Number of protein chains: 2
Amino acid sequence: MSAIDWLPAAVRAAAIERTLKAGQTLFRRGNRTSGLYEIVEGQVRLVRVNRTGREAVLHVATAGDTMAEASLFSASYHCDAIAATDAVVRLYPKAAILAEFDRNPKAARKFATVLARQVMTLRTRLEQRNIRAARDRVRHYLAINADADGRTVALSGTLKDVASELGLTHEALYRTLADMAADGEIERRRGAIRVLKAAI
Amino acid sequence: MSAIDWLPAAVRAAAIERTLKAGQTLFRRGNRTSGLYEIVEGQVRLVRVNRTGREAVLHVATAGDTMAEASLFSASYHCDAIAATDAVVRLYPKAAILAEFDRNPKAARKFATVLARQVMTLRTRLEQRNIRAARDRVRHYLAINADADGRTVALSGTLKDVASELGLTHEALYRTLADMAADGEIERRRGAIRVLKAAI
DNA sequence: CGGCGTTTTGAGAGAGCTCAACATCGGTGG
DNA sequence: CCACCGATGTTGAGCTCTCTCAAAACGCCG
């Protein structure tokens, strides 16, 4: 679900677009929070920098993602945001959002709904990463993303994208899919996979 | 943050405790949603069952966790919840929560805050899992969980717990820590780790 | 002291990663 | 229409790293 789908029109109207060069800083830890960002294009890295200078990546947000939701409820940012590539971001000012939430409880509830869904999805993806074997991880992915019929899985984006969502190299994914197809467990189609039989 | 810390007293007063035997069902997909659960004791598995009978674990909630936040905004559950062990859960009825949110915007905002923080934490943990090498993953963990001084990391729970949070076997973690200590990168203390020098 | 869970160390195997080469496909421009 | 180009898709071979299984030391608590 993109920000466009759930942010009230009043807030969307207040959005400010900004263009970033690769390596450019969007905000730094300790800065006063300005609001919620949506990535329109490119990638932005959220990074926590240690006093010792060590960096730890907290998240890499890509086109369509929103970022820094928690900053709505905090006075200052707790990490740095740096453009990983040339990027375009859209800022939804905090004041506009919070004002809208106060004025319009439905908007606030919608926001909570989106967050709760995200928590669910993220937990699921984390659970998926606990599965060691590539094949079982793919099965988990197929089971979760199956269509209503429980047999067809539409592939969003390229297989490389799926591989990185699964935490596998693209080679490993290709091989696994090829093996599963050879065993008759799945059938590969254009932009989709059909599950043929349930394995143990 | 435990549910006790952020749920308004009015809601906590309406809580209903329930005891489950291992294997017992708490709710099933399609059931009308009754509310938010907190695990008091034991473990509960959230599972999606395919039409083909295949199971996919979405999440394993353990003592202190809350569960099914998204169900507050949905008419029916989208997965099954089954006790993985003997367990005690606490139900915060949906009606009480939503009524409180309507009556008290501060409570609603608090809820959104908690969810936003969780999203942040989960994204970070997911990012961590993208790191292949055990040593780098441990470094990431240390960097994220460092104290204010940026050098000391207090260990919550046992090293086995940390290992499972990191997605490593406990053996792998012990070995990695031993190697890092031998290299002078860290120093091990009782219930804590001290980072001595930043590695590349 | 005995028992249980955590911590630690050992050895071996397997699975996925890495590097590499090639095929395929869609778009672009001559 | 065809050649070219970049990105995706595919397959091969070797290696490294973590997992697995195993066993023992350690620490805590009754």
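Values reported hereafter were calculated over all heavy atoms of this structure, with side chains retained and with hydrogens, waters and symmetry mates removed. Chain letters run A, B, ... following the sequence lines, proteins first and then strands; every chain starts at 1. This one's a predicted model, so the numbers in the text were calculated from it and none came from an experiment.
- Between B:F27 and B:Y77, the ring planes are parallel. Angles under 30° get that label, and only those over 60° would be called perpendicular.
- If A:A172 and B:L177 are placed on DNA chain C by their nearest nucleotide, the residue sitting closer to the 5' end is B:L177.
- Rounded to whole Å, atom P of D:dC19 lies 11 Å from atom CG of A:N130.
- Using a 4.0 Å cut-off between a side-chain N of Lys or Arg and a carboxylate O of Asp or Glu, B:D147 and B:R194 do not qualify as a salt bridge.
- The interatomic distance linking B:I131 (CD1) with D:dT18 (P) rounds to 12 Å, in whole Å.
- Taking atom CG of residue A:D179 and atom P of nucleotide C:dG14, one finds them 16 Å apart after rounding to whole Å.
- Ion pairing between a basic and an acidic side chain is recognised when a charged N comes within 4.0 Å of a carboxylate O; A:E69 and B:R123 show such pairing.
- Closest approach of B:A61 to B:M67, counting heavy atoms only: CB-SD, 4.0 Å.
- The minimum heavy-atom distance between A:L115 and B:A112, with the atom names listed, is CD1-O, 3.6 Å.
- With A:R29 contributing its side chain and A:R48 its backbone, the two residues share no donor-acceptor pair below 3.5 Å.
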- line: The contact string for nucleotides 21-29 of chain D, one letter per nucleotide 5' to 3', using protein heavy atoms under 4.0 Å with B, S and - for base, sugar-phosphate only and none, comes out as BB-----S-

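- Closest non-hydrogen pair, B:E100 versus B:A107, comes out as CG-CB, 4.2 Å.
- Nucleotide D:dC19 holds its C1' atom 15 Å from the OH atom of B:Y174, rounded to whole Å.
- D:dG9 atom P lies 14 Å from atom CG of A:L168, rounded to whole Å.
- Residue A:L155 contributes atom CG, which lies 15 Å from atom P of D:dT8 at whole-angstrom precision.
- Annotation: proximity of residues 156-163 of chain B to DNA chain D (heavy atom, distance under 4.0 Å) is found for no residue.
- With hydrogens and angles ignored, the 3.5 Å screen pairs no side-chain donor or acceptor of A:T33 with any backbone N or O of A:G35.
- The phosphate of D:dT18 has neither OP1 nor OP2 within less than 4.0 Å of any side-chain N or O from B:T169.
- A:D136 has its CG atom 11 Å from the P atom of C:dA15, to the nearest Å.
- Not counting sequence neighbours, A:F73 has no partner by the ring pair (Phe, Tyr, Trp, His ring centres under 6.0 Å) test.
- Candidate nucleotides D:dT10, C:dG16, D:dT18 were compared by shortest atom distance to the side chain of B:A134, and D:dT18 ranks first.
- Along DNA chain D, the nucleotide nearest to A:R132 and the one nearest to A:R188 differ in position, and the one closer to the 5' end is contacted by A:R188.
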